[in-house]
Amino acid sequence: MKKNNENNRRSFIKSLSVSACLLSGIPATLAAVPEEKALPGVPLKKDDIILFQGDSITDWHRKTDITTSNDSEGMGSGYALLTAAALLDKHPEKNLQIFNRGISGNGIKNLAARWDNDCLSLKPNVLSILIGVNDFSMKLRDSHSGNATTFREAYQQLLDRTMAALPEVKLIIAEPFAIKGLFHVNDSWFPAFDEYRHVAKELAEKYNAAFIPLQHIFEKAQQKAPASYWSGDGIHTTLAGAKLMANAWQEVFKPARKH
């Protein structure tokens, strides 16, 4: 019992320090996941191939005709670029190859349709996926386009397919997010959108992936500045919002925490 009490005390102190770090701008965002246990980190190795996948939030105006790694124009101008720049600066000895294959407008089925060419053929060692907001917005426009259940099924099939082809890949699953009160995002989004967020979290746990709680991160950020500081429309980020996201990704690229 004494050991359990000590573990609880340490967990409580850790949660307080994480909250303080986030509010002060220190990138402790992964640890800020409101979970009882920490989720795994992603230790980087020499010659790792890192792939960012997703929709327009990942795409962010990248030049799709550029297929080489570590190219600023091929990375777009959002969180993927900021994360890649930070990693390449911090780890020059690792010879990292970083790619962005996000495509604007994509949902989970779009990812599946191009997965062989835009993921498996690259043979990434580290795979980051941010998807879901378009799946939900399509449902709002057309109730027959799918729901959280079909989203989960398609997402799981994609991950099963990935693990079969790349059994050693290190997964990062980011939570789809929406910032209420900004242009695209209104009361009609909630609580239905939360189901898509929960899918990402559940799958991260199932596949032992690092999980990035973007909804939580942006909600906490609004204690420092209003929603419009972080996003222009509730879906796409400002430069400040992109940096907030990049901070979260950088926190993931660390050895798994010990319990």
Side-chain angles (χ1 to χ4, degrees), residues 42 44-45 47-85 87-88 95-138 145-146 150-177 196 199-200 203-204 206-207 209-212 214 235-237 242 245-246 248-249 252-253:
V42 176
L44 291 175
K45 297 181 179 179
D47 301 320
D48 266 352
I49 298 171
I50 302 171
L51 173 62
F52 290 94
Q53 269 289 2
D55 51 34
S56 58
I57 304 166
T58 301
D59 178 330
W60 212 249
H61 312 298
R62 70 181 178 89
K63 288 191 175 181
T64 57
D65 59 332
I66 295 176
T67 59
T68 54
S69 65
N70 305 345
D71 187 288
S72 59
E73 292 184 310
M75 291 302 300
S77 54
Y79 79 91
L81 173 70
L82 298 179
T83 306
L87 292 176
L88 293 170
N95 189 40
L96 301 174
Q97 298 179 60
I98 308 177
F99 297 89
N100 182 359
R101 289 294 186 270
I103 292 184
S104 181
N106 270 196
I108 191 65
K109 291 182 179 179
N110 301 112
L111 287 192
R114 60 185 180 84
W115 209 238
D116 286 345
N117 290 332
D118 285 353
C119 177
L120 302 185
S121 67
L122 293 172
K123 294 181 169 48
N125 306 99
V126 179
L127 172 61
S128 169
I129 305 174
L130 170 56
I131 201 73
V133 71
N134 287 326
D135 294 88
F136 178 75
S137 62
M138 285 187 282
S145 66
T150 57
F151 175 65
R152 177 186 286 105
E153 292 170 352
Y155 207 155
Q156 183 167 315
Q157 289 172 6
L158 187 75
L159 293 175
D160 286 340
R161 180 176 160 194
T162 303
M163 298 309 297
L166 305 168
E168 301 301 319
V169 70
K170 293 168 280 190
L171 288 174
I172 300 169
I173 294 178
E175 178 185 35
F177 67 95
Y196 291 74
V199 167
L203 291 178
K206 178 174 181 177
Y207 291 86
F211 177 70
I212 301 183
L214 291 174
I235 297 173
H236 303 94
T237 64
M245 293 175 69
W249 261 263
V252 168
F253 291 110

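FYI, side chains are in, hydrogens and waters are out, and symmetry mates aren't considered; it's all heavy atoms of this structure.
Between the side chain of Asp55 and the main chain of Ile131, no donor-acceptor pair closer than 3.5 Å is present. Judged purely by atom type and a 3.5 angstrom limit, Gln53 has no side-chain atom pairing as donor or acceptor with the backbone of Trp115. Side-chain N or O atoms of Gln97 include none that pairs as donor or acceptor with a backbone N or O of Ile49 at under 3.5 Å. Counting only distance, with no hydrogens or angles, the side chain of Asn70 and the backbone of Ile98 share a donor-acceptor pair below 3.5 Å. Using a distance-only test at 3.5 Å, with no hydrogens or angles considered, no donor-acceptor pair links the side chain of Asn117 to the main chain of Arg114. Judged by distance alone, the side chain of Asn100 and the main-chain N or O of Thr58 form a donor-acceptor pair under 3.5 Å. In this structure a side-chain-to-backbone donor-acceptor pair under 3.5 Å is present from Asp59 to Ser104.
Here the shortest heavy-atom pairing between Leu82 and Ala246 reads CB-CB, 3.7 Å. Closest approach of Ala242 and Tyr79 over heavy atoms only: O-CB, 3.6 Å. Taking all atoms of both residues into account, the shortest heavy-atom contact from Met138 to Gly107 is CE-CA, 4.4 Å. Heavy atoms only, all atoms of each residue included: Ala200 and Phe211 are closest at C-CE1, 3.9 Å. Contact between Met75 and Phe99 at its shortest, heavy atoms only, is SD-C, 4.0 Å. Between Gly76 and Arg62, the shortest heavy-atom contact is N-CB, 3.3 Å.
Atom NZ of Lys109 is separated from atom CD of Gln157 by 9.5 Å, given to the nearest 0.5 angstrom. In this structure, Met245 CE and Ile212 CD1 are separated by 8.0 Å, a value rounded to the nearest 0.5 Å. Taking CG of Asn125 as the reference point, atom CG of Leu166 lies at 8.5 Å (rounded to 0.5 Å). Separating the CD1 atom in Ile108 from the CZ atom in Arg152 is a distance of 12.5 Å, to the nearest 0.5 Å. A distance of 6.0 Å separates CG of Leu51 from CG of Leu122, quoted to the nearest 0.5 Å. From Phe52, atom CZ reaches atom CD1 of Ile129 across 12.0 Å, with rounding to the nearest 0.5 Å.
Between the side chains of Thr237 and Trp60, not a single donor N or O lies within less than 3.5 Å of an accepting N or O.
Between Ser128 and Ile50 the shortest side-chain heavy-atom distance does not fall below 4.5 Å. Contact check for Leu159 versus Lys206: no side-chain heavy atoms found under the 4.5 Å cut-off. Within the 4.5 Å cutoff, no side-chain heavy atoms of Tyr155 are placed close to those of Asp135. You'll find the side chain of Lys170 stays beyond 4.5 Å of the side chain of Leu127, heavy atoms only. Within the 4.5 Å cutoff, side-chain heavy atoms of Val169 are placed close to those of Met163. Contact check for Phe253 versus Thr83: side-chain heavy atoms found under the 4.5 Å cut-off. A heavy-atom distance below 4.5 Å is not found between the side chains of Cys119 and Arg101. Side-chain contact check for Asn110 versus Ile103: every heavy-atom pair is 4.5 Å or farther apart.
Asp116 pairs by the side chain to side chain donor-acceptor pair (under 3.5 Å) definition with Arg161, not counting sequence neighbours.
Relative ring orientation between Phe136 and Tyr196 is described as perpendicular, the plane-to-plane angle rising above 60° on a 0-90° scale split at 30° and 60°.
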